[in-house]
Amino acid sequence: MSDYVNVAEIFGEDVFNDSVMQQRLPKKTYKELKKTIEEGKELSLEVADVIAHEMKEWAIEKGATHYTHWFQPLTGVTAEKHDSFITAPMPNGKVLMSFSGKELIKGEPDASSFPSGGLRATFEARGYTAWDCTSPAFVRHDAAGAILCIPTAFCSYKGEALDQKTPLLRSMEAINQQALRLLRLFGNTTSKKVTPSVGPEQEYFLVDAEKFLQRKDLIYTGRTLFGAMPPKGQELDDHYFGTIRQRIAGFMKDVNEQLWKLGVSAKTQHNEVAPAQHELAPIYAEANIAVDHNQLIMQTLKRVACQHGMKCLLHEKPFAGVNGSGKHNNWSLTSDDGINLLEPGKTPHENMQFLLVLSCILKAVDEHADLLRESAADPGNDHRLGANEAPPAIISIFLGEQLEDVVEQLISTGTATTSKKGGKLETGVKTLPDLAKDATDRNRTSPFAFTGNKFEFRMVGSRDSIAGPNVVLNTIVAEAFKEACDKLEAAEDFDLALHDIIKTNCAEHQRIIFNGNGYSDEWVAEAERRGLPNIKSMVEAIPALVTDKAVNMFEEFGVFTRAELESRVEVKYEAYAKAINIEAKAMIDIARKQIIPAVIKYATSLAASITAIKAAGLDEVEVQTELLKETNALLKETKDALAALEKVEDEAVSMEEGEAQARFYHFSVTPAMEALRAPVDKLEMIVDKEMWPMPSYGDLLFEV
């Protein structure tokens, strides 16, 4: 078949990966680069020049004409500036193609033009991008041609982190140091590095591009600000894991091929619960590479969707009444020689190293639940958390029956003597084999669930970078490891101290464990009784970044300075206010220019119909009259709600940027937006479809 693709042949073909480097770099240069990657050794300019030359030659062979330092500022998306390889023309009119080690290692984008939260003034423009050699360079093919993309960190002239990557790399180093201390205490002298591994599951919606372009709300905000539910939603559960439609399958095929060429191990694809919703998941990668790959996944989904006459929606809640989209962040810790620190083994109660790691994670998540919640805070996630198939805004840990039983034994007696077994699941059908049954079920209502040999942080929003949540996870666990290692290294009786730490951690932080239904009202009441925070919105979550507890921890491990944290608080408040401001203005624009005129047109037509019926001497106008009354009443409600929204929106805009403005947008503007939507959605169910000014939910969700 002409469409046949050999994945093994194309995988990573556009990546300057280890095999390419081994093939193209001199042995000495390759060894120096590997030292830099594995041990953090500084790369000399001489070595960088050799690497840059070979990288340029390889990229040109791939068709590249330009290179870019590809970085992740605090805008929520990636940034890039393209420079061609050409140098000044020679006397004969020809040009040379060059790329130096200096150009590879460092770039200088304008730091004042990106969000910095006050770290950089407008007149202080200098900033630097620095090559992250732990994440391979790649060539991206798109309408601009072929571009050599070099993953980089982005910092200010004074060295403050202005991006997502720098704190992530710092947090990875922090947990590496503390995890190695822990392994050494258990006699491991061979492991040289411990790395957080991450596998993010990416959910998204696909809608027809032509219909998308008829919805100003989708164009401006990424979500529908108005929209009545169609007769059918997701209640039949027939879309989840259903047969993938051919148009979508063709899109997925192209996405996979483009990602495979970029070295992204796209593994799983399926229909999600909501109509028009889908999921893509890669195989695990080191956290730093996983973050870069997820950015590539999101960009590829959007670009390929356009090529197929569709639009990809990454907003957490593009449609009310059906599932929102998340990005489940599967996190584990793995050594360079293959040891998974979260692998419980067949007898978890006897695996003391695992029990210490588990108890430290319980402690970390309980003590820093507010930080974890903040790491998943986003204007779109405010609509999703606690809704359909999404975890609640309350942080809790699901351990499952087996581990919860082990923890209870440790708390009650100080030792655990047994572990529940999985057994077999009898199918009752002779032609089917009995299935090996896991020792515990799964809980998809839990925001932080243990799933065999990893934790799944389910709160992260679908369009967010996964860098933030992993920075927090890495750092809070590093802190818990450090506290345990400090005690164990000073202990006279190691075994006794080990048992005491595990028991104390489990007993003091048992409140964070919850295996029940996280969606239930009973859990909200129970969580309050336990003293667990229930942080319902982004603006209420942001202050967690600058508590003394958080600042002290981040500064101790060199992940953030107080100034960097304060700057991020400012950036987040401004981002929230701007997002809601755009939504409010879009609602006002759509209501004034599209909806109200359409309703007036419909009401006028209906009134004319009533007049015509009466003129004909007929009296059967009761239904039409009632319909006109209902329409006019809803129209008045719409106009009143619109006026109220305009008033609070004007008030919000006049406020000084910062926390007060963000809180006003959340507590005053957002309710006014909901009040405007309510009558409009009712009107959509009354007004003639031909007169309604935009595609309906049914058009968007079921006609892809």
Side-chain angles (χ1 to χ4, degrees), residues 5-41 43-71 78 80 82-85 97-107 129-142 144-153 165 169 193 195 256-266 282-286 288-297 299-300 336:
V5 174
N6 187 325
V7 181
E9 286 184 4
I10 69 169
F11 189 83
E13 70 176 28
D14 289 333
V15 184
F16 196 70
N17 54 27
D18 190 72
S19 62
V20 174
M21 291 190 292
Q22 280 196 65
Q23 180 184 352
R24 302 188 73 115
L25 297 178
K27 285 186 178 180
K28 183 180 178 183
T29 304
Y30 173 75
K31 287 181 180 178
E32 288 295 320
L33 179 58
K34 291 295 285 184
K35 273 188 179 181
T36 299
I37 294 171
E38 293 171 2
E39 302 173 24
K41 303 285 185 183
L43 199 64
S44 70
L45 195 58
E46 180 184 2
V47 172
D49 278 331
V50 177
I51 297 168
H53 174 76
E54 290 302 326
M55 189 183 289
K56 176 209 64 176
E57 292 297 307
W58 169 82
I60 289 173
E61 290 170 17
K62 295 284 179 183
T65 56
H66 291 68
Y67 70 91
T68 182
H69 277 198
W70 185 73
F71 59 102
T78 56
E80 52 194 66
H82 300 175
D83 287 295
S84 71
F85 290 119
M97 304 286 273
S98 70
F99 183 49
S100 68
K102 183 180 178 181
E103 290 169 318
L104 168 63
I105 290 174
K106 189 178 77 171
T129 49
W131 177 35
D132 171 22
C133 59
T134 64
S135 183
F138 57 91
V139 169
R140 188 186 67 216
H141 298 270
D142 56 25
I147 309 293
L148 172 63
C149 298
I150 303 159
T152 55
K165 182 183 281 284
L169 293 171
K193 187 177 183 181
T195 308
N256 285 333
E257 289 178 16
Q258 291 195 29
L259 289 176
W260 289 335
K261 289 177 181 179
L262 292 170
V264 180
S265 55
I283 297 173
Y284 284 78
E286 291 188 5
N288 177 36
I289 295 174
V291 169
D292 288 353
H293 281 183
N294 186 249
Q295 292 291 340
L296 285 174
I297 286 172
Q299 292 171 0
T300 304
D336 58 319

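Atom set for the values below is all heavy atoms of this structure, side chains included, hydrogens, waters and symmetry mates excluded. These numbers were taken from a predicted model, which means no experiment stands behind them.
Side-chain atoms of Asp292 and Lys165, non-hydrogen and from C-beta on, do get closer than 4.5 Å to each other. Annotation: side chain of Leu43 is not in contact with side chain of Cys133 (no heavy-atom distance under 4.5 Å). In this structure, the side chains of Thr65 and Ser84 stay at 4.5 Å or more apart for every pair of heavy atoms. Contact check for Thr134 versus Ile289: no side-chain heavy atoms found under the 4.5 Å cut-off. When side chains are defined from C-beta on, Ile51 counts as touching Thr29, because their heavy atoms get closer than 4.5 Å.
Scanning all heavy atoms of the two residues, the minimum distance from Phe99 to Met55 falls at CE2-SD, 4.4 Å. Nearest heavy atoms, Val5 versus Glu257: CG2-OE2, 2.9 Å. Across Gly101 and Asp49, no two heavy atoms sit closer than the pair N-OD1, 2.6 Å. The two residues Ala146 and Val139 come nearest to each other via the heavy atoms CB-CG1, 3.8 Å.
Although no hydrogens or angles enter the test, the distance criterion places no donor-acceptor pair under 3.5 Å between the side chain of Asp132 and the main chain of Pro151. Remark: side-chain polar atoms of Ser265 are paired, donor with acceptor, to backbone N or O of Ile283 under 3.5 angstrom.
The CD atom of Glu103 sits 10.0 Å away from atom NZ of Lys56, with the distance rounded to the nearest 0.5 Å. Distance check: Leu45 CG to Ser100 OG gives 7.5 Å after rounding to the nearest 0.5 Å. Remark: Lys261 NZ to Asn256 CG distance equals 12.0 Å, nearest 0.5 Å. Atom OG1 of Thr78 sits about 9.0 Å away from atom CZ of Phe71, to the nearest 0.5 Å. The CD atom of Gln295 sits 11.0 Å away from atom OG1 of Thr300, with the distance rounded to the nearest 0.5 Å. Here the straight-line distance linking atom OG of Ser135 with atom CD of Glu286 works out to 10.0 Å at 0.5 Å rounding.
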Q: Please report the C-alpha distance between Glu80 and Arg140 in whole Å, then the side-chain angles of each, then the deciding distance to 0.1 Å, and finally whether the side-chain contact (heavy atoms from CB on, under 4.5 Å) criterion is met.
A: CA-CA 12 Å; Glu80 52 194 66; Arg140 188 186 67 216; 2.6 Å; yes

Q: Begin with the C-alpha distance, continue with both residues' side-chain angles, and end with the deciding distance and a verdict on side-chain contact (heavy atoms from CB on, under 4.5 Å) for Leu259 and Ile297.
A: CA-CA 7 Å; Leu259 289 176; Ile297 286 172; 3.9 Å; yes

**Q.** His69 vs Thr152, side chain to side chain donor-acceptor pair (under 3.5 Å): CA-CA, chis, key distance, verdict
**A.** CA-CA 6 Å; His69 277 198; Thr152 55; 4.5 Å; no

Q: Begin from the C-alpha positions of Leu104 and Tyr67 and carry the test side-chain contact (heavy atoms from CB on, under 4.5 Å) through to its verdict.
A: CA-CA 9 Å; Leu104 168 63; Tyr67 70 91; over 6 Å; no

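Under 4.0 Å is where a charged nitrogen must lie from a carboxylate oxygen, and between Glu61 and Arg24 at least one such pair does.
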Could you pull out all donor-acceptor pairs under 3.5 Å where a side-chain atom in residues 11-19 meets a protein atom, sequence neighbours excluded?
{"unit_1": "Asn17", "atom_1": "OD1", "unit_2": "Ser19", "atom_2": "N", "d": "3.4"}
{"unit_1": "Asn17", "atom_1": "OD1", "unit_2": "Ser19", "atom_2": "OG", "d": "2.9"}
{"unit_1": "Asn17", "atom_1": "OD1", "unit_2": "Val20", "atom_2": "N", "d": "3.1"}
{"unit_1": "Asp18", "atom_1": "OD1", "unit_2": "Tyr30", "atom_2": "OH", "d": "2.7"}
{"unit_1": "Asp18", "atom_1": "OD1", "unit_2": "Lys34", "atom_2": "NZ", "d": "3.1"}
{"unit_1": "Asp18", "atom_1": "OD2", "unit_2": "Gln22", "atom_2": "NE2", "d": "2.9"}
{"unit_1": "Asp18", "atom_1": "OD2", "unit_2": "Tyr30", "atom_2": "OH", "d": "3.1"}

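No hydrogens or angles considered: nothing links the side chains of Ser44 and Glu32 as a donor-acceptor pair under 3.5 Å.
Between Phe138 and Trp70, the ring planes lie perpendicular to each other; the angle is over 60°, past the 30° to 60° tilted range.
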